[in-house]
Amino acid sequence: MENYILECCVDSVESALAAAESGADRLELCAGLIIGGITPGIALFEQIKHFIDIPVRVLLRPRFGDFLYTEHEFEILKREAELFQKAGAQGIVIGCLKEDGSLHMEQMKALMEIAGDMKVTLHRAFDVCADPVKAYRQAGELGIDTILTSGQKENCLEGIELIKALGKIRREEGGPKLMAGAGVTPKVIGQFLMETDITCYHMSAKKIVDSGMRYRKEGVPMGIATMSEYEIYRTDSGIVSEAKRLLGGWSEKNSC
């Protein structure tokens, strides 16, 4: 039986520490989690690795938006893969598409070659591809370890039927592990455990922390006007602990 994996997506040292101390098995490290995540800085990765010892996979995404990359953006992706490979990342999280919504196999192969012995997750570019079954099989051909997916829906509970269908292909043909992501809570994990054989779960477990700033200049947004500069998103250790307890209990029950 495969081990159950609880991966937490984090974009700060504080969230990484909270996730690791609460039982996360692995981290996906990014920057700008509130916009879906972009590539983090090397310094952030180094700081996190200094304080924790669980595996870290690094998101490589040069900008917010779609996954059709220019040549300049792709060169950046390749260089980032090299940098994090040398820095000691356990894996990278990538995804490149063509204009027609298919996996960009040439770009993916180039990144896989750079990854070397690092593990590779295909991120939710998979959830906006044109043919998820074909893309799943192509990911297997590439040697991708894991596919993070919501089942091509806004959240993984809405996409559970596609995730089940992909799980059936994996059982019959082999292929990458499936990691349920988007909208993952302990309650959602419980439902997946009852209805599927998914063993990997990805959550950010976000909570809003009020800024320590006492003086606040209102009406001067630094980015998106609807977002407050004085609200900070951090990992909620209580949610992670609850999810870990649930997976641990399920693992014990099914190993007897």
Side-chain angles (χ1 to χ4, degrees), residues 1-10 15 18-28 33 36-37 54-55 57 59 91 93 95 119-129 131-137 139-140 144-207 233-256:
M1 186 186 72
E2 291 182 347
N3 293 328
Y4 288 88
I5 296 174
L6 179 62
E7 178 181 89
C8 285
C9 188
V10 301
S15 286
E21 290 167 1
S22 304
D25 300 298
R26 188 168 77 210
L27 302 180
E28 181 194 300
L33 181 56
I54 63 174
R57 296 193 186 187
L59 174 67
V93 183
K119 299 292 185 181
V120 177
T121 298
L122 170 57
H123 59 47
R124 292 187 64 215
F126 179 83
D127 283 329
V128 292
C129 76
D131 186 339
V133 172
K134 180 180 179 181
Y136 180 81
R137 292 189 171 115
I144 284 170
D145 173 71
T146 301
I147 294 178
L148 171 62
T149 180
S150 64
Q152 295 208 318
K153 298 292 185 181
E154 184 175 352
N155 63 71
C156 63
L157 201 53
E158 291 180 7
I160 193 170
E161 293 306 320
L162 176 58
I163 296 173
K164 287 179 183 178
L166 294 170
K168 184 174 185 291
I169 293 172
R170 182 172 188 247
R171 289 193 302 274
E172 295 175 350
E173 304 176 15
K177 291 188 286 290
L178 293 161
M179 174 172 280
V184 172
T185 64
K187 183 178 179 180
V188 168
I189 291 174
Q191 187 164 340
F192 263 76
L193 290 173
M194 289 187 291
E195 296 186 24
T196 76
D197 58 2
I198 299 299
T199 58
C200 302
Y201 296 90
H202 172 99
M203 70 190 320
S204 57
K206 294 188 294 289
K207 66 178 178 180
Y233 287 81
R234 292 284 187 258
T235 296
D236 188 323
S237 58
I239 295 175
V240 178
S241 294
E242 185 180 351
K244 182 65 175 180
R245 283 195 299 271
L246 184 62
L247 288 172
W250 195 266
S251 179
E252 289 179 12
K253 184 176 72 173
N254 287 275
S255 64
C256 295

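Just so it is clear, the structure is predicted and the values come from calculations on it, not from any experiment.
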Show your working on side-chain contact (heavy atoms from CB on, under 4.5 Å) between Lys244 and Ser22 and close with a plain yes or no. CA-CA 8 Å; Lys244 182 65 175 180; Ser22 304; over 6 Å; no

Run the numbers on Trp250 and Ile189 for side-chain contact (heavy atoms from CB on, under 4.5 Å), then give the verdict. CA-CA 10 Å; Trp250 195 266; Ile189 291 174; over 6 Å; no

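- Contact annotation: the side chain of Thr196 approaches that of Ile160 to within less than 4.5 Å [non-hydrogen atoms, C-beta and beyond].
- Under a 3.5 Å cut-off, the side chain of Glu7 and the backbone N or O of Gly181 do not form any donor-acceptor pair.
- Proximity of Thr199 to Ile5: side-chain heavy atoms (C-beta onward) are nowhere separated by under 4.5 Å.
- With values rounded to the nearest 0.5 angstrom, Leu6 atom CG is found 10.5 Å from Tyr201 atom OH.
- Listed by first then second residue, pairs satisfying salt bridge (charged side-chain N to carboxylate O under 4.0 Å, His left out) with a partner in residues 186-196 read Lys164-Glu195, not counting sequence neighbours.
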Begin with the C-alpha distance, continue with both residues' side-chain angles, and end with the deciding distance and a verdict on side chain to side chain donor-acceptor pair (under 3.5 Å) for Arg57 and Thr121. CA-CA 8 Å; Arg57 296 193 186 187; Thr121 298; 2.8 Å; yes

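- Sparse packing is recorded around NZ of Lys153, with 12 or fewer heavy atoms of other residues, nucleotides or ligands lying under 6.0 Å away.
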Let me see the working for Leu166 and Phe126 under side-chain contact (heavy atoms from CB on, under 4.5 Å), right down to the final yes or no. CA-CA 12 Å; Leu166 294 170; Phe126 179 83; 3.7 Å; yes

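- Legend: residues meeting side-chain hydrogen bond (donor to acceptor under 3.5 Å, both in side chains) with Ser204, ordered by chain and number and at least two apart, are Lys206.
- Residues Glu21 and Ser237 have side chains not in contact (no heavy-atom distance under 4.5 Å, counting atoms from C-beta outward).
- Between the side chain of His123 and the backbone N or O of Gly95, at least one donor-acceptor pair lies under 3.5 Å.
- Shown are Thr149, Leu148, Leu162; of these, the side chain to side chain contact (heavy atoms under 4.5 Å, CB included) with Asp127 is made only by Thr149.
- Across all non-hydrogen atoms, the minimal contact from Ile198 to Tyr4 is O-CE2, 4.1 Å.
- Contact check for Leu27 versus Pro55: no side-chain heavy atoms found under the 4.5 Å cut-off.
- Asn155 and Ser150 form no side-chain donor-acceptor contact under 3.5 Å, judged by distance and modelled atom types alone.
- Separation of atoms SG (Cys9) and CG (Leu33) is listed at 4.5 Å; rounding is to 0.5 Å.
- Side-chain contact between Ile169 and Arg137 is present, with heavy atoms from C-beta onward closer than 4.5 Å.
- Atom CZ of Arg170 and atom CD1 of Ile163 lie 13.5 Å apart (nearest 0.5 Å).
- Using a 4.5 Å heavy-atom cutoff, the side chains of Leu178 and Cys200 are not in contact.
- We find the CZ-NE2 distance between Arg124 and His202 to be 8.5 Å, quoted to the nearest 0.5 Å.
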Intermediate values then yes/no, side-chain contact (heavy atoms from CB on, under 4.5 Å), Leu122 and Thr146: CA-CA 6 Å; Leu122 170 57; Thr146 301; over 6 Å; no

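- To the nearest 0.5 Å, the span separating CG on Asn3 from NZ on Lys177 amounts to 9.5 Å.
- Side chains of Ile147 and Met179 form no contact here, defined as non-hydrogen atoms less than 4.5 Å apart.
- Counting heavy atoms from C-beta on, the side chains of Cys129 and Gln152 come closer than 4.5 Å.
- Heavy atoms only, all atoms of each residue included: Ser15 and Tyr233 are closest at OG-O, 4.2 Å.
- Note that OG1 of Thr185 and CG of Leu246 are 9.5 Å apart. Values are rounded to the nearest 0.5 Å.
- Val240 and Ala24 make their closest contact through CG1-N, 4.1 Å (heavy atoms, listed as atom of the first residue, atom of the second, distance).
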